[in-house]
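Let me begin by presenting the structure, written as structure tokens, before commenting on it.
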Protein chains: 2
Amino acid sequence: MADEGNLEAEKDPTSNIGNASAGPSLDMGCLTRVLGFHLRMANVAIFQDYQQTMAGLSLTPKQFTVLELVGCNPGVVQIDIAELLSMDKATTMALVDRLEARSLLERRPSRTDRRRKELFLTEEGKKVLQEARELIALHEKRFTSRFSEAELKSFVEQLRRIYRPLPD
Amino acid sequence: MADEGNLEAEKDPTSNIGNASAGPSLDMGCLTRVLGFHLRMANVAIFQDYQQTMAGLSLTPKQFTVLELVGCNPGVVQIDIAELLSMDKATTMALVDRLEARSLLERRPSRTDRRRKELFLTEEGKKVLQEARELIALHEKRFTSRFSEAELKSFVEQLRRIYRPLPD
DNA sequence: TATTGTTATACTCTATAACTATA
DNA sequence: TATAGTTATAGAGTATAACAATA
């Protein structure tokens, strides 16, 4: 039992974060050993830079993702996007609604199964997507530049290991 | 220029995700090369397992983080938590409000600077925190077991490289 | 009966801005 | 003047449940 499920806050020298530039330098307790915590912190850091970069286009990361998916898969339906991104179908609905309200994509009923609404980018949507790709490339570079080619490859592989249900 | 800011969707064999168990197997376009995308997917995967694990305690990851920080740093003030977690102070306010409403922590005005409200866990808060730590340890293990000790260490180091402003 | 999309509802996260009390 | 906390407000993400149309 001494090793099972133990997240007691033993003191260790890496137990402080936040001593980056000024910061309060708090004791992080068990958080230093919680993968989800580091993942969330990394996500927040990337998101903040993303927001600054994309302020002009006002596309959230998820909105960009959907735009890219529709761009690369014309006629894709909501349910497939929902499954791929692990979203509820109601959530996906709201997301697509916003993009449609901005005339970046449109829904067209499938001719073979009229329950399904196929998604297509509008001309405006294609233009915005291309602009977004260019901005995101610059944004990404600010982070990927902290890694060598090999490091980046293994880092991405490890991230995929987290979100792939089982190694395949 | 051929290499700068290029996120065009060249076909490559890793360009498909979502072929995990059933899934639609869409073309992911430039997303396979977007670090933020992989990070978000990993975050979602961990969050979903987290939610199942913590359903009984109904503590969000951030609520757990704050509880742990207050537990390890009795008397810490909101502004320090906000800075450490890169949150707005209004956001922090709402977060602490919810924890206080559930009587997991309490605010006490500092005696040296009455603008500051020091945070302390209640007895109930300490109990809940300990339960949460144990549940989270089990939850974490479902992901960390996909890595060797050395892999895990380098993975966490790489995540920190993302969220630390500058290597120090 | 199952699936796709839809609507209604609600809660959380998040940020902005303006305000109060204190330093 | 600056700082810590607070309140009000609003948009986005998320989930649940119920419903309509179609298969």
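All of these numbers come straight from a predicted model, not from anything done at the bench. In what follows, chains carry the letters A, B, and so on, assigned in the order in which the sequence lines appear, proteins first and then strands, with residues in each chain numbered from 1.
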Subject >> Side-chain touch A:L119/A:E106, heavy atoms, less than 4.5 angstrom >> reply: no
Original post:
Aromatic rings A:Y50 and A:H139: how do their planes relate, parallel, tilted or perpendicular, breaks at 30° and 60°?
Top reply: perpendicular
Original post:
Are any of the side-chain heavy atoms of A:R102 and A:Q63 separated by less than 4.5 Å?
Top reply: yes
**OP:** Please state how far atom OH in A:Y50 lies from atom P in C:dA15, giving the value in whole angstrom units.
**Re:** 15 Å
Subject >> Integer-rounded Å distance: D:dA2 C1' and B:R116 CZ >> reply: 14 Å
Subject >> A:E118 CD to C:dT4 P, straight-line distance once rounded to whole Å >> reply: 13 Å
Subject >> Between B:Q130 and B:R133: side-chain donor-acceptor atoms closer than 3.5 Å >> reply: yes
Subject >> Euclidean distance, atom CD of residue A:Q51 to atom P of C:dC13 [Å, nearest integer] >> reply: 17 Å
Original post:
Does some side-chain heavy atom of A:E68 sit less than 4.5 Å from a side-chain heavy atom of B:V34?
Top reply: no
Subject >> Result of checking B:K89, B:E83, B:R107 against B:Q78 for side-chain hydrogen bond (donor to acceptor under 3.5 Å, both in side chains) >> reply: B:R107
Original post:
From B:L59 CG over to B:L67 CG, what is the distance, rounded to the nearest 0.5 angstrom?
Top reply: 6.0 Å
Subject >> Nearest-nucleotide comparison on DNA chain D, the residue closer to the 5′ end among B:V77 and A:Q63 >> reply: B:V77
Original post:
Once you round it to whole Å, what is the distance between P of C:dT6 and CZ of A:R98?
Top reply: 14 Å
Subject >> Value in whole Å for how far the P atom of D:dA21 lies from CZ of A:R107 >> reply: 17 Å
Original post:
Counting side-chain heavy atoms from C-beta on, which of D:dA4, D:dT6, C:dT4 comes nearest to A:I79?
Top reply: C:dT4
Subject >> hydrophobic_cluster_shared for A:I162 and A:L152, side chain cutoff 4.5 Å >> reply: yes
Original post:
A:E100 CD to D:dA12 P: how many Å, rounded?
Top reply: 16 Å
Heteroatom pairs (N/O) under 3.5 angstrom, protein to nucleotides 20-23 of chain C:
from, atom 1, to, atom 2, distance (Å)
C:dA23, OP1, B:R114, N, 3.2

Original post:
Separation of A:E106 atom CD from C:dG5 atom P, in whole Å?
Top reply: 16 Å
Subject >> Among B:R40, B:H38, B:Q48, side-chain hydrogen bond (donor to acceptor under 3.5 Å, both in side chains) partner for A:Y163 >> reply: B:H38
Subject >> Any A:Q78 side-chain nitrogen or oxygen under 4.0 Å from OP1 or OP2 of C:dT6 >> reply: yes
Subject >> Positions of residues 85-97 of chain A (non-hydrogen atom under 4.0 Å from DNA chain D), listed by number >> reply: A:M87, A:D88, A:A90, A:T91
